[in-house]
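Below, all heavy atoms of this structure are taken into account, side chains as well, without hydrogens, waters or symmetry copies. The sequence lines fix the lettering, A, B, ..., with proteins before strands; numbering per chain opens at 1.
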Protein chains: 2
Amino acid sequence: MLTKQELEEFWAEAGKIYLNHISIDCVVFGFHEGQMKVLMLKSNNEEAWYLPGGFVLKQEPIENAADRILKERTGIDEIFLQQFYVFGDPDRSKIHNEMYKDMLPEDQNFFAKRFISIGYYALVDFFNVTPTPDNFSEICTWRDLNDLPRFQLDHELIFKTALDTLRLQLNYQPIGYNLMPKEFTMPELQKLYETILDKKLDRRNFQRRMLGFGILNKLETTRKGGAHKAPYLYSFDLENYQAALKEGLKSGW
Amino acid sequence: MLTKQELEEFWAEAGKIYLNHISIDCVVFGFHEGQMKVLMLKSNNEEAWYLPGGFVLKQEPIENAADRILKERTGIDEIFLQQFYVFGDPDRSKIHNEMYKDMLPEDQNFFAKRFISIGYYALVDFFNVTPTPDNFSEICTWRDLNDLPRFQLDHELIFKTALDTLRLQLNYQPIGYNLMPKEFTMPELQKLYETILDKKLDRRNFQRRMLGFGILNKLETTRKGGAHKAPYLYSFDLENYQAALKEGLKSGW
DNA sequence: TTACAATTGTGTACCAATTACACCATGCAT
DNA sequence: ATGCATGGTGTAATTGGTACACAATTGTAA
C-alpha cells in the first residue's frame, strides 16, 4: 500500500494517465481440488473487503485493462475473462468519493469523481496464483464462497451478478481448460462443475453429456495410486474446445 | 441539426455536463405487423448512418441516460431496454476524434476524446414512434433490416451484437408486451417471433410452447372481420410476465 | 347456395435429450 | 479372501421438441 503522500501523488497523476470516470472490477473465481474461492483485497484501515479493480489507460482497450489488472493481482495472464455487466449508478462510489474529496482540489481529484465500472469475471486455478495487494491494500487473498466478508460499496452486487452469470453460462460455454491439470479424470471435472453450481450432479449423466460435447480426449492411461479403482484420464481437445468457446454448446429455437 | 457555431458551443459545454469518455449507443428495434426495422440517423454532410446515442449526465444513472436518449429520439419511454455489451476499443471513435480535433483546444474538446460506449437494445412498436433527429443529424428514420445502409464507426458491430443478443435472449426472456396491441392473436404473436428470428416456426408447436410459459390469457372473444376463420384473442398475463422477466423462462443443469 | 381457398384450432406419433436408477469392476485395507 | 469405497457403463422412464394431418370457420367466387 502507498503512503498517504504517495497516494496523493497517485491520485494527482491518475487523471493524466487513466480515463476519468471509468473503472474495471474483476470477480476472480479461483478453483482447486473441489474448492471455490474469490480473490479479494482489504486495507488495514478498513473493515470491508473489495474486489480487484483498476482503471483504463488512456489508449488501452478495456479488455487489455482487465487483463493487466488481473496480471498485477494474480501474476498470471491469458486467463478466461468475460465481460458481464456495467455498474453505472451515480451513487455506487459515493462513500469513496466523500472519503477522498478533501484530499485534492476537485478538478485534479481523480478519485472524488463518479465511477462507472465495467465488470469482468475470470476463472483461474488458485494454486497458480500469487495474490498481490494493490496500492490501496495490504491484504490480497482468497476468500471461500461459504465464508464471505463484508463488501465495500456495491461489490457484493458485482460479485453476485458475476456468480449468476457464470452459472448461467455454464450451460453454453465450455470451461475448465485453465482450471484442470493437463490430464484429469472425469470425477475431477465433475467436481469442478458441482463446485461452481453448488449442487450434486449425476455421475453417469455428467459423463455422457461432457463426452457429447466432443471437447474431451479419452486417454489410454488411468490414474493409479488412488485408494480405489483407477479412473481414466482425459485431456481437452483444444481445437474443439476453442470452437465451442465461439459457437457455444447448445442451440435455441 | 445544430449550426457550426452551435456545435462548437455544444462541444465546449458538453464536457461540463456530461461524463467524459462515456457514451451510450442504442439499437432500437421497431416492429409492426410483421416488419422489423432499426432506428438510424444521418447527417446531410455524411454518407454513413449511425445509431441513436448520447452521453451520460454527471449525476445520472446510465439506465436513465439510455431512457432519456430513447425518449428524445422516439418520443416514448418505459420501453423494454437491455444493456448488452460495452465497446471499449480505443480506436473505435478514431474517425470522429480526428474530425473534431481542431475545433477546440484539446482539454475543452469533449468529442476529440476516446469514447467507451455502453450498448443498449430496445424493442418498440414503430407505429408509436416519432423519429426525431439529434443535434448532429437531419435524418432520423427506420431502416429495414433487409436494406441496411453503411454504418459509421463500429456501429455495424454494435448492431450485430445487439441482434445476436436479442435472438439468444428470446429463449429465456418473454417479449412482446410493448410490441403487441393489448389483445392479439396467436398467429400475430408468432409473426413477431418469426420476424425477429428471420425464420418460419411451426404454428402448433409455437402455440403449445407459448401457452406453456403461462404468460398468456386466452380471451373468450375472437377477432372477427378477417377473411378467414376467426382466431382467438390473447392478452399478456402481466403478473406472470413480470415474474418471467425476472426469473427467465427456462432452466439449465 | 354452394364450392373453394385460405386460415385457425387441435391432437398424435416420433425422435432427442434429460433424468433416474442398478450392476459390475477395480484396488486398497484388513 | 472379504469388505468397502470408488469408477465404468447400460437401460428404462420421462420430458421436451419436431414433424405432421385433419377438421372447422369464414369470406369469395362460381
Side-chain angles (χ1 to χ4, degrees), chain A residues 33-34 167-168 170-174 180-181 183-195 197 199-235 244 247-253, chain B residues 33-34 167-168 170-174 180-181 183-195 197 199-235 244 247-253:
Chain A
E33 290 176 0
R167 284 177 176 165
L168 196 67
L170 222 46
N171 292 305
Y172 320 107
Q173 292 223 325
M180 304 299 294
E183 304 186 342
F184 52 90
T185 69
M186 196 60 82
E188 286 165 359
L189 184 61
Q190 180 179 341
K191 189 95 194 179
L192 172 64
Y193 274 75
E194 290 181 337
T195 306
L197 295 166
K199 194 183 193 174
K200 284 264 167 244
L201 301 174
D202 184 277
R203 262 182 329 124
R204 294 147 282 194
N205 297 336
F206 178 81
Q207 167 145 313
R208 187 183 3 228
R209 185 164 174 178
M210 271 299 147
L211 293 177
F213 291 154
I215 57 171
L216 295 180
N217 294 320
K218 185 170 187 171
L219 308 178
E220 289 309 307
T221 46
T222 53
R223 167 155 302 167
K224 300 278 183 187
H228 308 289
K229 178 169 183 178
Y232 282 100
L233 289 170
Y234 293 84
S235 66
E247 311 281 324
L249 290 170
K250 280 205 274 186
S251 63
W253 287 96
Chain B
E33 290 177 358
R167 284 177 175 164
L168 197 66
L170 222 47
N171 293 304
Y172 319 108
Q173 293 223 324
M180 304 298 296
E183 305 186 342
F184 52 90
T185 68
M186 197 59 82
E188 285 164 0
L189 184 62
Q190 180 178 341
K191 189 95 195 177
L192 173 64
Y193 274 73
E194 290 182 335
T195 306
L197 295 167
K199 195 179 188 174
K200 283 265 166 243
L201 300 173
D202 184 278
R203 257 179 340 119
R204 292 147 283 192
N205 298 334
F206 179 82
Q207 167 144 314
R208 185 180 8 219
R209 185 165 173 177
M210 271 298 147
L211 293 177
F213 291 153
I215 56 171
L216 295 180
N217 295 321
K218 185 170 186 170
L219 307 178
E220 290 307 308
T221 46
T222 52
R223 168 155 302 167
K224 300 276 181 187
H228 308 290
K229 177 169 183 177
Y232 282 100
L233 287 170
Y234 294 84
S235 66
E247 310 282 324
L249 291 169
K250 279 205 275 188
S251 63
W253 285 99

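In this structure, CG of A:D202 is placed 17 Å from P of D:dA13, rounded to the nearest angstrom. Note: CZ (A:R203) to P (C:dA25) measures 15 Å, nearest angstrom. Atom CE of A:M210 and atom P of D:dG8 are 15 Å apart (whole Å). Straight-line distance from the OH atom of B:Y232 to the C1' atom of C:dT10: 11 Å, rounded to whole Å. Remark: P of C:dT8 and CG of B:L233 are 12 Å apart, rounded to the nearest angstrom. Across the protein-nucleic acid pair, A:L201 atom CG and C:dA17 atom C1' stand 16 Å apart, rounded to whole Å. As a whole-Å value, the separation of B:F206 CZ from D:dA19 P is 16 Å. Between the CD atom of B:Q207 and the P atom of C:dG11 there is a distance of 10 Å, rounded to whole Å.
For B:R208, the listed nucleotide lying nearest its side chain is D:dA19; candidates were C:dG9, D:dT9, D:dA19. Taking every side-chain heavy atom of A:N205 into account, C:dC21 is the closest of C:dG11, C:dC21, C:dT26. Relative to the side chain of B:P231, the nucleotides C:dG9, C:dT18, C:dT26 differ in distance, and C:dG9 lies closest. Of the candidate nucleotides C:dT18, C:dA6, D:dA21, C:dA6 has the atom lying nearest to any side-chain atom of B:H228. Checked against D:dT26, C:dC23, C:dT10, the side chain of B:A230 finds its nearest nucleotide in D:dT26.
Considering only side-chain N and O atoms, B:K200 lies nowhere under 4.0 angstrom from the phosphate OP1 or OP2 of D:dA19. Between A:K229 and D:dT9 there is no side-chain polar atom (N or O) within less than 4.0 angstrom of OP1 or OP2.
For the pair A:P187 and B:R204, nearest-nucleotide mapping onto DNA chain D gives the more 5' position to A:P187.
Not a single donor-acceptor contact under 3.5 angstrom links the side-chain atoms of B:R209 to the base of D:dG16.
For the pair A:P174 and A:L249, the tightest heavy-atom approach, listed with the atom from each and the gap, is N-CD1, 3.6 Å.
Not a single donor-acceptor pair under 3.5 Å links the side chain of B:E188 to the backbone N or O of B:M180.
In this structure, A:Y172 has its ring center under 6.0 Å from that of B:Y172.
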Open item on the list: Quick one, B:L201 with B:Y193, criterion side chain to side chain contact (heavy atoms under 4.5 Å, CB included). Give me CA distance, side-chain angles, the key distance, then yes/no.
Closed with: CA-CA 8 Å; B:L201 300 173; B:Y193 274 73; 3.9 Å; yes
